[in-house]
Amino acid sequence: MIRVVLADDEPVVRFGVKAVLATAKDIEVVAEAENGSEALDLVARHRPDVAVLDIRMPVLDGLDAATRIRERHPDTRTLVLTTFADDAYITRALGEGAAGFVLKTGDPQEIIAGVRAVATGAAYLSPLVAKRVVDQLASSRPRPVATQRIGALTAREREVLGLVGAGLSNAEIAARIHVVEGTVKVYVSTILRQLGVRNRVQAAIIAHESGLIPD
(Lines give C-alpha, C1' and ligand atoms only; values in the text may rest on other atoms or scores of the structure.)
Protein backbone atom coordinates (compact mmCIF):
# COMPACT_ATOMS: atom_id res chain seq x y z
CA MET A 1 0.00 0.00 0.00
CA ILE A 2 1.06 3.57 -0.73
CA ARG A 3 0.47 5.49 2.50
CA VAL A 4 -0.57 9.13 2.08
CA VAL A 5 -0.90 12.18 4.31
CA LEU A 6 -3.36 14.66 2.76
CA ALA A 7 -3.27 18.38 3.57
CA ASP A 8 -5.78 21.00 2.43
CA ASP A 9 -7.48 23.75 4.43
CA GLU A 10 -10.83 23.15 2.72
CA PRO A 11 -12.73 20.17 4.21
CA VAL A 12 -14.76 19.67 1.04
CA VAL A 13 -11.62 19.45 -1.07
CA ARG A 14 -10.01 17.00 1.36
CA PHE A 15 -13.14 14.87 1.24
CA GLY A 16 -13.13 14.87 -2.56
CA VAL A 17 -9.43 14.07 -2.91
CA LYS A 18 -9.68 11.33 -0.30
CA ALA A 19 -12.68 9.86 -2.14
CA VAL A 20 -10.70 9.83 -5.40
CA LEU A 21 -7.72 8.14 -3.76
CA ALA A 22 -10.03 5.60 -2.10
CA THR A 23 -10.92 4.25 -5.54
CA ALA A 24 -7.33 3.04 -5.89
CA LYS A 25 -6.82 -0.26 -4.06
CA ASP A 26 -3.10 0.39 -3.61
CA ILE A 27 -3.44 3.82 -1.91
CA GLU A 28 -4.45 4.58 1.68
CA VAL A 29 -4.90 8.02 3.25
CA VAL A 30 -3.53 7.55 6.76
CA ALA A 31 -4.02 11.12 8.04
CA GLU A 32 -5.48 14.49 7.08
CA ALA A 33 -4.24 17.99 7.89
CA GLU A 34 -5.76 21.47 7.68
CA ASN A 35 -2.47 23.33 7.22
CA GLY A 36 1.18 22.77 6.39
CA SER A 37 2.34 22.77 10.01
CA GLU A 38 -0.11 20.04 10.92
CA ALA A 39 0.92 18.11 7.81
CA LEU A 40 4.55 18.28 8.92
CA ASP A 41 3.62 16.82 12.34
CA LEU A 42 1.57 14.05 10.76
CA VAL A 43 4.38 13.13 8.37
CA ALA A 44 6.72 12.82 11.37
CA ARG A 45 4.17 10.62 13.14
CA HIS A 46 3.05 8.36 10.28
CA ARG A 47 6.09 8.41 7.95
CA PRO A 48 3.92 8.13 4.80
CA ASP A 49 5.22 7.36 1.33
CA VAL A 50 3.63 10.51 -0.11
CA ALA A 51 2.40 13.84 1.26
CA VAL A 52 -0.25 15.48 -0.93
CA LEU A 53 -0.12 19.20 -0.15
CA ASP A 54 -2.29 22.11 -1.23
CA ILE A 55 -0.21 25.22 -2.00
CA ARG A 56 -2.26 27.87 -0.22
CA MET A 57 -2.83 26.89 3.42
CA PRO A 58 -2.74 28.88 6.68
CA VAL A 59 0.06 28.69 9.28
CA LEU A 60 2.48 27.06 6.82
CA ASP A 61 1.83 26.87 3.08
CA GLY A 62 2.29 23.71 1.04
CA LEU A 63 5.55 24.77 -0.60
CA ASP A 64 7.25 25.59 2.71
CA ALA A 65 5.89 22.31 4.10
CA ALA A 66 7.35 20.47 1.08
CA THR A 67 10.77 21.98 1.79
CA ARG A 68 10.72 20.94 5.45
CA ILE A 69 9.45 17.46 4.65
CA ARG A 70 12.26 17.00 2.14
CA GLU A 71 14.83 18.12 4.71
CA ARG A 72 13.48 16.18 7.70
CA HIS A 73 11.87 13.14 6.10
CA PRO A 74 13.57 12.49 2.72
CA ASP A 75 11.81 9.14 2.34
CA THR A 76 8.45 10.92 2.05
CA ARG A 77 7.80 12.30 -1.43
CA THR A 78 5.63 15.38 -1.93
CA LEU A 79 2.91 15.98 -4.50
CA VAL A 80 1.63 19.55 -4.77
CA LEU A 81 -2.09 19.95 -5.41
CA THR A 82 -3.47 23.32 -6.46
CA THR A 83 -5.96 25.23 -8.58
CA PHE A 84 -3.20 27.54 -9.79
CA ALA A 85 -1.29 26.84 -13.00
CA ASP A 86 0.76 30.03 -12.71
CA ASP A 87 4.36 29.60 -13.85
CA ALA A 88 5.68 31.18 -10.65
CA TYR A 89 3.94 28.52 -8.55
CA ILE A 90 5.23 25.76 -10.80
CA THR A 91 8.79 27.06 -10.62
CA ARG A 92 8.69 27.49 -6.87
CA ALA A 93 7.07 24.08 -6.29
CA LEU A 94 9.73 22.28 -8.27
CA GLY A 95 12.44 24.41 -6.70
CA GLU A 96 11.24 23.54 -3.21
CA GLY A 97 11.72 19.85 -3.90
CA ALA A 98 8.18 18.75 -4.78
CA ALA A 99 8.24 15.57 -6.86
CA GLY A 100 4.94 16.29 -8.58
CA PHE A 101 2.48 19.04 -9.42
CA VAL A 102 -1.21 18.24 -10.00
CA LEU A 103 -4.02 20.69 -10.76
CA LYS A 104 -7.31 20.37 -8.90
CA THR A 105 -9.06 21.38 -12.10
CA GLY A 106 -7.62 18.41 -14.00
CA ASP A 107 -8.79 14.83 -14.38
CA PRO A 108 -9.22 13.23 -10.91
CA GLN A 109 -7.25 10.24 -12.16
CA GLU A 110 -4.22 12.53 -12.40
CA ILE A 111 -4.12 12.61 -8.60
CA ILE A 112 -3.92 8.82 -8.45
CA ALA A 113 -1.31 8.73 -11.21
CA GLY A 114 0.69 11.43 -9.46
CA VAL A 115 0.68 9.64 -6.11
CA ARG A 116 1.75 6.37 -7.73
CA ALA A 117 4.49 8.05 -9.74
CA VAL A 118 6.14 9.98 -6.92
CA ALA A 119 5.84 6.99 -4.56
CA THR A 120 8.12 5.03 -6.91
CA GLY A 121 10.68 7.82 -7.03
CA ALA A 122 9.55 9.25 -10.36
CA ALA A 123 8.34 12.78 -11.06
CA TYR A 124 4.83 13.71 -12.18
CA LEU A 125 3.37 16.82 -13.77
CA SER A 126 -0.23 17.34 -14.82
CA PRO A 127 -0.45 17.53 -18.62
CA LEU A 128 -1.16 21.29 -18.54
CA VAL A 129 1.84 21.89 -16.28
CA ALA A 130 4.05 19.59 -18.34
CA LYS A 131 3.09 21.47 -21.51
CA ARG A 132 4.13 24.79 -19.97
CA VAL A 133 7.47 23.37 -18.87
CA VAL A 134 8.12 21.66 -22.20
CA ASP A 135 7.15 24.79 -24.16
CA GLN A 136 9.62 26.83 -22.14
CA LEU A 137 12.38 24.28 -22.65
CA ALA A 138 11.65 23.82 -26.35
CA SER A 139 11.99 27.57 -26.95
CA SER A 140 15.34 27.76 -25.19
CA ARG A 141 18.78 26.89 -26.49
CA PRO A 142 21.33 24.88 -24.49
CA ARG A 143 22.56 27.12 -21.70
CA PRO A 144 26.29 27.43 -20.92
CA VAL A 145 25.64 27.19 -17.17
CA ALA A 146 23.75 23.91 -17.59
CA THR A 147 26.49 22.56 -19.87
CA GLN A 148 29.09 23.41 -17.24
CA ARG A 149 27.11 21.62 -14.53
CA ILE A 150 27.18 18.31 -16.39
CA GLY A 151 30.93 18.55 -16.92
CA ALA A 152 31.70 16.34 -13.93
CA LEU A 153 29.40 13.53 -15.10
CA THR A 154 30.71 10.44 -16.84
CA ALA A 155 29.48 9.50 -20.30
CA ARG A 156 27.19 6.87 -18.78
CA GLU A 157 25.80 9.34 -16.24
CA ARG A 158 25.06 11.82 -19.03
CA GLU A 159 23.25 9.07 -20.91
CA VAL A 160 21.14 8.29 -17.85
CA LEU A 161 20.48 12.00 -17.28
CA GLY A 162 19.24 12.30 -20.85
CA LEU A 163 16.85 9.41 -20.33
CA VAL A 164 15.61 10.93 -17.07
CA GLY A 165 14.98 14.12 -19.03
CA ALA A 166 13.03 12.12 -21.59
CA GLY A 167 10.68 11.01 -18.80
CA LEU A 168 11.75 7.37 -18.48
CA SER A 169 11.36 5.56 -15.17
CA ASN A 170 14.24 3.73 -13.51
CA ALA A 171 12.93 0.42 -14.82
CA GLU A 172 12.68 1.78 -18.38
CA ILE A 173 16.18 3.24 -18.20
CA ALA A 174 17.52 -0.09 -16.92
CA ALA A 175 15.98 -1.91 -19.88
CA ARG A 176 17.31 0.71 -22.32
CA ILE A 177 20.95 0.55 -21.15
CA HIS A 178 20.88 -3.15 -20.17
CA VAL A 179 21.59 -2.93 -16.44
CA VAL A 180 19.58 -3.82 -13.33
CA GLU A 181 17.22 -1.23 -11.86
CA GLY A 182 19.32 -0.92 -8.70
CA THR A 183 22.26 0.27 -10.77
CA VAL A 184 20.09 2.99 -12.32
CA LYS A 185 19.04 4.16 -8.85
CA VAL A 186 22.70 4.54 -7.94
CA TYR A 187 23.34 6.49 -11.15
CA VAL A 188 20.38 8.81 -10.51
CA SER A 189 21.42 9.46 -6.90
CA THR A 190 24.96 10.28 -8.04
CA ILE A 191 23.66 12.56 -10.80
CA LEU A 192 21.40 14.50 -8.42
CA ARG A 193 24.28 14.93 -6.00
CA GLN A 194 26.73 16.00 -8.70
CA LEU A 195 24.30 18.50 -10.17
CA GLY A 196 23.28 19.82 -6.76
CA VAL A 197 19.55 19.36 -7.45
CA ARG A 198 16.78 17.98 -5.29
CA ASN A 199 14.72 15.82 -7.61
CA ARG A 200 14.33 14.27 -11.06
CA VAL A 201 12.32 17.20 -12.41
CA GLN A 202 15.16 19.63 -11.76
CA ALA A 203 17.63 17.14 -13.25
CA ALA A 204 15.38 16.77 -16.31
CA ILE A 205 15.38 20.54 -16.84
CA ILE A 206 19.19 20.54 -16.85
CA ALA A 207 19.13 17.64 -19.31
CA HIS A 208 16.93 19.70 -21.64
CA GLU A 209 19.03 22.84 -21.21
CA SER A 210 22.19 20.83 -21.95
CA GLY A 211 20.78 19.20 -25.08
CA LEU A 212 21.10 15.66 -23.67
CA ILE A 213 17.62 14.40 -24.54
CA PRO A 214 17.89 11.45 -26.98
CA ASP A 215 15.87 11.39 -30.20
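Between Val52 and the choices Val29, Val5, Leu79, the side-chain contact (heavy atoms from CB on, under 4.5 Å) rule is met once, by Leu79.
Residue Leu81 is grouped with residue Val20 when hydrophobic side chains (ILVMFWY) are merged at heavy-atom distances under 4.5 angstrom, including chains of intermediate members. Val197 is connected to Leu168 through a chain of hydrophobic side-chain contacts under 4.5 Å among Ile, Leu, Val, Met, Phe, Trp and Tyr, so both are in one cluster. Following chains of ILVMFWY side-chain contacts shorter than 4.5 Å, one cannot reach Leu53 starting from Ile2, and the two form parts of different hydrophobic clusters. Phe15 and Val4 fall into different hydrophobic clusters, where Ile, Leu, Val, Met, Phe, Trp and Tyr are joined by side-chain heavy atoms under 4.5 Å apart, directly or via other members. Hydrophobic clustering, with ILVMFWY side chains joined whenever heavy atoms are under 4.5 angstrom apart, keeps Leu42 apart from Leu6.
Closest heavy-atom contact between Leu161 and Ala203: CD1-O, 3.4 Å. Minimum heavy-atom separation, Pro58 to Asn35: O-CB, 3.0 Å. Residues Ile177 and Arg156 approach most closely at CB-NH1, 3.3 Å, considering heavy atoms. For Leu40 against Ala65, the heavy-atom pair with the smallest separation is CD1-O, 4.4 Å. Nearest heavy atoms, Ala39 versus Ala33: N-CB, 3.5 Å. Residues Gly165 and Ala204 come closest through the heavy atom pair CA-CB, 3.7 Å.
When atom types are taken as modelled, the side chain of Arg14 and the backbone of Asp8 share a donor-acceptor pair closer than 3.5 angstrom. Using a distance-only test at 3.5 Å, with no hydrogens or angles considered, a donor-acceptor pair links the side chain of Thr67 to the main chain of Leu63. With hydrogens and angles ignored, the 3.5 Å screen pairs no side-chain donor or acceptor of Ser37 with any backbone N or O of Leu60.
Rounded to the nearest 0.5 Å, atoms CD (Glu159) and CD1 (Ile173) are 9.5 Å apart. Between atom NE2 of residue His46 and atom CD of residue Glu28 there is a gap of 10.0 Å, rounded to the nearest 0.5 Å. Rounding to the nearest 0.5 Å places CG of Leu163 at 10.0 Å from CD of Glu172. A distance of 7.0 Å separates CG of Leu103 from CD of Glu110, quoted to the nearest 0.5 Å.
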Would you give me the side-chain donor-acceptor pairs under 3.5 Å for residues 111-118, sequence neighbours excluded?
from: Arg116; atom 1: NE; to: Asp26; atom 2: OD1; distance (Å): 3.4
from: Arg116; atom 1: NE; to: Asp26; atom 2: OD2; distance (Å): 3.0
from: Arg116; atom 1: NH2; to: Asp26; atom 2: OD1; distance (Å): 3.0

**OP:** Report the C-alpha distance between Glu71 and Arg68 in whole Å, list the side-chain angles of each, state the deciding distance to 0.1 Å, and finish with yes or no for salt bridge (charged side-chain N to carboxylate O under 4.0 Å, His left out).
**Re:** CA-CA 5 Å; Glu71 294 172 347; Arg68 299 187 190 187; over 6 Å; no
**OP:** Might you work through the side chain to side chain contact (heavy atoms under 4.5 Å, CB included) test for Asp61 and Ile55, ending with a clear yes or no?
**Re:** CA-CA 6 Å; Asp61 70 29; Ile55 281 188; 5.5 Å; no
Subject >> Pair Leu195-Leu153, side chain to side chain contact (heavy atoms under 4.5 Å, CB included): steps then yes or no >> reply: CA-CA 9 Å; Leu195 296 178; Leu153 301 182; 4.3 Å; yes
**OP:** Check the pair Asn170, Val188 against side chain to side chain contact (heavy atoms under 4.5 Å, CB included), reporting the backbone distance first and the verdict last.
**Re:** CA-CA 9 Å; Asn170 287 347; Val188 172; 3.8 Å; yes
**OP:** Mind running side chain to side chain contact (heavy atoms under 4.5 Å, CB included) on Glu34 and Val59 for me, showing each step along the way?
**Re:** CA-CA 9 Å; Glu34 296 181 352; Val59 184; over 6 Å; no
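For residues 182-191, no pair satisfies side chain to side chain donor-acceptor pair (under 3.5 Å), with sequence neighbours left out.
The number of heavy-atom neighbours closer than 6.0 Å to NZ of Lys18, taken from other residues, nucleotides and ligands shown, is 12 or below.
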